[in-house]
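In each ligand, atom 1 is the first atom listed, and ligand 1 is the first ligand listed.
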Amino acid sequence: MLTKAVIDHLQQKVGIGNVYHEREDLLVYGYDATPETRGLPDVAVFPVNVEGIKAALAVCREEGLSVTPRGAATGISGGSAPVKGGMALGLTRMNRIIEIDEENLTATAEAGVITVDLFNAVASRGLFYPPDPGSQNVSTLGGNIAENAGGLRGLKYGVTRNYVMALSGLLYDGTEFFTGGKCVKDVAGYSLRDLLVAAKGPSGSSPRRLSA
Ligand SMILES: Cc1cc2nc3c(=O)[nH]c(=O)nc-3n(C[C@H](O)[C@H](O)[C@H](O)COP(=O)(O)OP(=O)(O)OC[C@H]3O[C@@H](n4cnc5c(N)ncnc54)[C@H](O)[C@@H]3O)c2cc1C
């Protein structure tokens, strides 16, 4: 149970409408699409920028809270269910497509962009973003990356991993990281990007998994 002072601090840093702490609000952030996997966060926070994520993680460290990132919660490997309580860190309000670079054939987007929104944005320019999980109308790019999602088009074009060129993010200790880049011939050092893609468990390769 977080104190009012902590909640006030979070609301001040992340925005009053982006922090939920009443039990009736928290219940909906306690599960994803995985059967029988449930938790109850102590707080649910929806930052709208990187500074907000940093502030939220700082509170987790100070209060000793675990943190569970959350996209659209369509995952079927239980990853966004906060089974240890703590903070549900929703990324759905970071949903800007920052750039579509037609010369390099790359797009730069925030984690909370809905998969089909990226597809439509590039399609309007005559381009094609292939990964098409069955959940694409609601799933987020962040969740797609963490689960290495792929749909029927994956048979011909590959899955999310094949379309991630670079990632940036934050570690629990607040360290910001960047890995990869727009250049295809990015060969120096370990490919941390490939460690992060699919890091959150097996992708639900088919809705059939829901009943497995
Ligand atoms: C009806 C249905 C159909 C589906 N069809 C498919 C399919 O065809 N192919 C397929 O591969 N999957 C499918 N899935 C599974 C699911 O949709 C995918 O795994 C999807 O990629 C999850 O995205 P999400 O935004 O809902 O992520 P969430 O479920 O919210 O999160 C999934 C994991 O990613 C982590 N995460 C989310 N965002 C971030 C972030 N920004 N940073 C770090 N970690 C993050 C979460 O902690 C969690 O571990 C389906 C699910 C449903 C319910």
Side-chain angles (χ1 to χ4, degrees), residues 28-39 41 44-50 52-54 56-57 60 65-98 108-119 129-164 166-172 175-179 192-193 195-212:
V28 296
Y29 303 117
Y31 58 92
D32 60 10
T34 316
E36 296 174 19
T37 303
R38 293 281 184 278
V45 179
F46 290 79
V48 294
N49 53 37
V50 172
I53 302 178
K54 285 182 183 170
L57 290 176
C60 288
L65 300 177
S66 60
V67 58
T68 306
R70 188 176 180 86
T74 66
I76 49 181
S77 53
S80 58
V83 291
K84 292 185 177 171
M87 179 181 290
L89 185 64
L91 280 310
T92 47
R93 295 181 191 173
M94 290 187 63
N95 57 1
R96 292 179 307 147
I97 296 173
I98 294 162
T108 304
E110 292 181 332
V113 169
I114 293 175
T115 315
V116 82
D117 288 347
L118 180 63
F119 175 89
Y129 177 68
D132 62 338
S135 53
Q136 63 182 322
N137 287 331
V138 285
S139 71
T140 64
L141 296 180
N144 293 169
I145 291 168
E147 303 276 350
N148 192 22
L152 290 179
R153 284 199 293 259
L155 297 172
K156 181 172 182 182
Y157 296 104
V159 294
T160 301
R161 181 189 297 284
N162 304 111
Y163 295 90
V164 177
L167 289 172
S168 66
L170 288 153
L171 303 180
Y172 186 83
T175 306
E176 204 165 352
F177 67 84
F178 302 87
T179 172
L192 296 179
R193 174 191 61 188
L195 274 181
L196 293 166
V197 176
K200 286 304 191 80
S203 169
S205 55
S206 140
R208 214 157 29 94
R209 285 275 194 91
L210 286 172
S211 57

### Task
Would you mind running through ligand 1 and noting each atom that sits below 4.0 Å from a heavy atom of L91?
41 (N)
### Query
Just which atoms of ligand 1 are under 4.0 Å from any heavy atom in N144?
20 (C), 21 (O), 23 (O)
### Query
Under 4.5 Å between any side-chain heavy atoms of V164 and N148, yes or no?
no
### Query
Out of G78, A88, P69, A146, whose heavy atom is nearest to atom 42 (N) of ligand 1?
P69
### Within 6.0 angstrom of K54 NZ, more than 12 heavy atoms from elsewhere
yes
### Task
Go through ligand 1 atom by atom and flag the ones less than 4.0 Å from a non-hydrogen atom of G134.
3 (C), 5 (N), 6 (C), 7 (C), 8 (O)
### Query
So, does T68 sit close enough to ligand 1 that a heavy atom of it is under 4.0 Å from the ligand?
no
### Query
Taking only heavy atoms of T140, which atoms of ligand 1 are found under 4.0 Å from at least one of them?
24 (P), 25 (O)
### Message
For L152, is the CG atom crowded, meaning more than 12 foreign heavy atoms sit under 6.0 Å from it?
### Response
no
### Message
So which atom in V197 and which in R161 form the shortest heavy-atom distance, rounded to 0.1 Å?
### Response
O-NH2, 3.5 Å
### Query
Does T74 use its side chain to pair, donor to acceptor, with the backbone of S139 at less than 3.5 Å?
no
### Query
So is S135 polar-close to ligand 1, meaning N/O to N/O under 3.5 Å?
yes
### Query
So, the side chain of R93 versus the backbone of N49: is there a donor-acceptor pair under 3.5 Å, distance only?
no
### Query
Within the side chain of T160, is there an N or O that forms a donor-acceptor pair under 3.5 Å with the backbone of G150?
no
### Message
Less than 4.5 Å apart, side chain to side chain, heavy atoms only: is that true for N144 and Q136?
### Response
no
### Task
Answer yes or no: does atom CZ of R38 have more than 12 heavy-atom neighbours from other residues, nucleotides or ligands under 6.0 Å?
yes
### Query
Is any N or O atom of A149, backbone or side chain, closer than 3.5 Å to an N or O atom of ligand 1?
no
### Query
Does any N/O atom on A73 come nearer than 3.5 Å to any N/O atom on ligand 1?
yes
### Summary
If we number the atoms of ligand 1 from 1 as shown, the ones under 4.0 Å from a heavy atom of A111 are 41 (N)
### Element-labelled atoms of ligand 1 that are located less than 4.0 Å from some non-hydrogen atom of G150
7 (C), 8 (O), 9 (N), 10 (C), 11 (O)
### Query
Does L171 reach the side chain of F177, with side-chain heavy atoms less than 4.5 Å apart?
yes
### Message
Is it the case that ligand 1 has an N or O less than 3.5 angstrom from some N or O of A72?
### Response
yes
#### Entry: Closest contact, heavy atoms only, P47 versus G52
CB-C, 3.7 Å
### Task
Could you say whether the N/O atoms of G71 and ligand 1 ever approach to under 3.5 Å?
yes
### Query
Which of the numbered atoms in ligand 1 are below 4.0 angstrom from a heavy atom of G79?
47 (O), 48 (C), 49 (O)
### Query
Do any N/O atoms on T74 end up under 3.5 angstrom from N/O atoms on ligand 1?
yes
#### Entry: Residue selection (non-hydrogen contact nearest atom 27 (O) of ligand 1) among S77, P82, G143
G143
### Query
Is the shortest N/O to N/O distance between G75 and ligand 1 below 3.5 Å?
yes
